[in-house]
Amino acid sequence: MRKKVIAGNWKMNKLPNETISFFEEFAPLVKDTKNEVVICAPYTDLFYAILSAQNTNIKIGAQNMHWEENGAYTGEVSPQMLKSIGVEYVVLGHSERRQYFAETDETVNKKVKAAHNVGLKPIVCVGESLEQRESGKAKEIVTNQVKLGLKDLTNDQITSTIVAYEPIWAIGTGKTATKEDANETIKWIREELVNMYGKENADKVIIQYGGSVKSGNAKELFEMSDIDGGLVGGASLKPDEFAKIVNAV
Ligand code: PGA
C-alpha cells in the first residue's frame, strides 16, 4: 500500500509571522493523521516553518532549487543549503516555473538527481494545457515529461520520487479534473514508469493529483485507486481548510 502524501504549495505567499501563526493553528488539527503532511514554503519562511514544525508530524519542503552544489549562480539556492536547515522535500518542475522561469524537462532532470544526491525528496510536477487536453495530446505530453524529467535514476531514487499530476488548466482556476480523468492520467504516468523502471519500482512511486483541490473534493479524488494524495495550492494557505483536506482520507 502506498502512503498518501498531502503537500501544501504556498507559492509566493506568507511572511514569517504568518508562517508561525499558521503552524500554531494547523499542527494540532492534523496530529492524528496517518497521511504524510508537507508544507512547501517560500525560502524566506523555511527556517521559521522548520522551527514551528518541530515535535509535529509535519514535514517541510521548498518550491525550487538549483542543481549545482555551490558556485557563481547569483540568486540561486542549492540542494545542500535546503538540506542543511532540515528541509526534506522540494517541488520541481511546477508549471509556473516552466511557464515563467524557463524550466525544462532537462533542468528538471538535473534537479531531480541533485535533490536525491543530498537526500531531498523531489515532488516532480507534470501536466498538460487545456489546448493539449482538448486536442487529445494529454497522454503524449505527460508521459514525455515523465520520460525526460525522470530519466536515468537508480531504483532507490525513483521509488523515493513523488510525481504530481497537475493539469495546467486546473491550477488556481477552480476547475478540477474529474476524478476519473485524473485517475486515468495517473495510470498513464505509472505505465510510463513501468516501461522505464519495471513494475515493482513503478508500483512504489507516489503520484499525487494537483489543481484546485479543496475540502469539498479532496475525499473523492484521494479515494481513487491511483491517486496517492495531492499537491494543494490556494487551499493550503488556510489552516482549517488545509487540515480538512489532510483529514479527508
Ligand atoms: P491550486 O494550485 O490548488 O491553487 O490550484 C495547485 C498547485 O499549483 O500546486
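Hydrogens, waters and symmetry mates play no part in the numbers below; they use all other heavy atoms, side chains included.
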inquiry  = Could you tell me if the side chain of C125 sits less than 4.5 Å from the side chain of V91, heavy atoms only?
reply    = yes
ask   = So which heavy atom on H94 is nearest to which on E96, and how close?
value = ND1-N, 2.9 Å
ask   = Does one side chain, of N117 or K113, offer a donor that lies under 3.5 Å from an acceptor on the other?
value = no
inquiry  = Testing the 3.5 Å rule here: is there a donor-acceptor pair between the side chains of T33 and N57?
reply    = no
key: Test log, rule side chain to side chain contact (heavy atoms under 4.5 Å, CB included), inputs R133 and T185   = CA-CA 11 Å; R133 162 104 3 207; T185 311; 3.0 Å; yes
ask   = Counting only N and O atoms by type, is there a donor-acceptor contact under 3.5 Å from the side chain of S212 to the main-chain atoms of A170?
value = yes
query = Ignoring hydrogens and geometry, is there a side-chain-to-backbone donor-acceptor pair from Q80 to V118 under 3.5 Å?
reply = no
query = When you measure from the side chain of N183 to the backbone N and O of D226, does any donor-acceptor pair fall under 3.5 Å?
reply = yes
inquiry  = Would you say that more than 12 heavy atoms from the other residues, nucleotides or ligands in this model lie under 6.0 Å from the NZ of K238, or not?
reply    = no
inquiry  = Can a side-chain donor-acceptor contact be found between T107 and R97 if the only test is distance below 3.5 angstrom?
reply    = no
message = Is there a side-chain contact between N64 and E103 in this structure, where contact means two heavy atoms from C-beta onward sitting under 4.5 Å apart?
response = yes
task = Could you tell me which non-hydrogen atom of V90 sits nearest to which non-hydrogen atom of A115, and how far apart they are?
result = CG1-CB, 4.0 Å
query = For the atom pair CG (N144) and CG (D105), what is the distance rounded to the nearest 0.5 Å?
reply = 6.5 Å
query = Are side-chain heavy atoms of I6 and F222 found at a separation under 4.5 Å?
reply = yes
inquiry  = If I take atom NZ from residue K139 and atom NZ from residue K187, how far apart are they, to the nearest 0.5 angstrom?
reply    = 11.5 Å
task = Find the distance between CD (Q145) and OH (Y165) and round it off to the nearest 0.5 Å.
result = 10.0 Å
task = Specify the closest pair of heavy atoms between T176 and G211, including all atoms of both residues, with the distance to one decimal.
result = CG2-O, 3.6 Å
key: Cluster link Y48 to L46, ILVMFWY, side chain under 4.5 Å   = no
note = Result for side chain to side chain contact (heavy atoms under 4.5 Å, CB included) between F22 and one of L237, N17, I39 points to I39
message = Counting only heavy atoms not in E131 (residues, nucleotides, ligands), do more than 12 fall under 6.0 Å from its CD?
response = no
Minimum heavy-atom distance between P79 and L120, given as atom pair plus value = O-CD1, 3.7 Å
ask   = Is the side chain of D203 donor-acceptor paired with the backbone N or O of E200 at a distance under 3.5 Å, no angle test?
value = no
task = Would you indicate whether E69, at its atom CD, is surrounded by more than 12 heavy atoms from other residues, nucleotides or ligands within a distance under 6.0 Å?
result = no
key: Same cluster (ILVMFWY, side-chain, under 4.5 Å), I206 and V126   = no
message = Go through it in stages, so that I can follow the logic: the residues are I186 and M224, the test is side chain to side chain contact (heavy atoms under 4.5 Å, CB included), and I'd like the CA-CA distance, side-chain angles, deciding distance and then a yes or no.
response = CA-CA 10 Å; I186 287 176; M224 295 301 285; over 6 Å; no
inquiry  = When you measure from the side chain of Y89 to the backbone of A7, do you find a donor-acceptor pair of N or O atoms at a distance under 3.5 Å?
reply    = no
message = When you compare the side chain of V108 with that of R98, does any pair of heavy atoms fall below 4.5 Å?
response = yes
inquiry  = If you define the side chain from C-beta out and look only at heavy atoms, does anything of P122 sit under 4.5 Å from K111?
reply    = no
inquiry  = Donor-acceptor pair, distance only, cut-off 3.5 Å: does the side chain of N201 make one with the backbone of G198?
reply    = no
key: Spacing of OG1 belonging to T143 relative to CD belonging to E128, to within rounding of 0.5 Å   = 11.0 Å
task = Show your working on side chain to side chain contact (heavy atoms under 4.5 Å, CB included) between Q208 and V5 and close with a plain yes or no.
result = CA-CA 7 Å; Q208 301 171 314; V5 179; 3.7 Å; yes
query = Taking the side chain as C-beta and beyond, is there a heavy-atom pair between Y43 and Q63 under 4.5 Å?
reply = no
query = Would you say V124 and V194 are hydrophobically clustered, going by side-chain heavy atoms of ILVMFWY under 4.5 Å?
reply = no
request  = For W10 and S236, indicate whether the former's side chain and the latter's backbone hold a donor-acceptor pair under 3.5 Å.
outcome  = yes
ask   = Do K14 and D45 sit within salt-bridge range, that is, some charged N less than 4.0 Å from a carboxylate O?
value = no
inquiry  = If we ignore hydrogens and angles and just use 3.5 Å, is the side chain of H66 paired with the main-chain N or O of E76 as donor and acceptor?
reply    = no
query = If you count the non-hydrogen atoms of other residues, nucleotides and ligands that lie under 6.0 Å from CG in N55, is the total more than 12?
reply = no
key: Joint cluster assignment, L231 & L221, ILVMFWY side-chain distance < 4.5 Å   = no
Partners meeting side-chain hydrogen bond (donor to acceptor under 3.5 Å, both in side chains) with W67 (sequence neighbours left out) = none
query = Distance-only, no hydrogens or angles: does the E25 side chain make a donor-acceptor pair with backbone N or O of D240 under 3.5 Å?
reply = no
inquiry  = Using 0.5 Å steps for rounding, measure from the CG atom of L29 to the CG atom of N247.
reply    = 7.5 Å
query = E223 side chain to E220 main-chain N or O, any donor-acceptor pair under 3.5 Å?
reply = no
message = Run the side chain to side chain contact (heavy atoms under 4.5 Å, CB included) test on V163 and L150 for me, step by step, so that the C-alpha distance in whole Å, both residues' side-chain angles and the decisive distance to 0.1 Å come before the verdict.
response = CA-CA 9 Å; V163 181; L150 300 180; 3.8 Å; yes
request  = Tell me whether M196 is reachable from I207 by hopping between hydrophobic residues (I, L, V, M, F, W, Y) whose side-chain heavy atoms are closer than 4.5 Å.
outcome  = yes
ask   = W188 versus E140: any side-chain heavy-atom pair under 4.5 Å?
value = no
query = Just wondering, do Y197 and L153 contact through their side chains at under 4.5 Å, heavy atoms?
reply = yes
message = To check you understand the geometry: which heavy-atom pair defines the closest contact between I123 and A164, and what is its length?
response = CG2-CB, 4.0 Å
ask   = If every non-hydrogen atom of I245 is compared with every non-hydrogen atom of A235, which pair is closest and at what distance?
value = CD1-CB, 3.7 Å
remark   = To the nearest 0.5 Å, atom CD of Q99 lies from atom CD1 of I171 at 9.0 Å
task = Would you please classify the geometry between the F23 ring and the F26 ring as parallel, tilted or perpendicular, with 30° and 60° separating the classes?
result = perpendicular
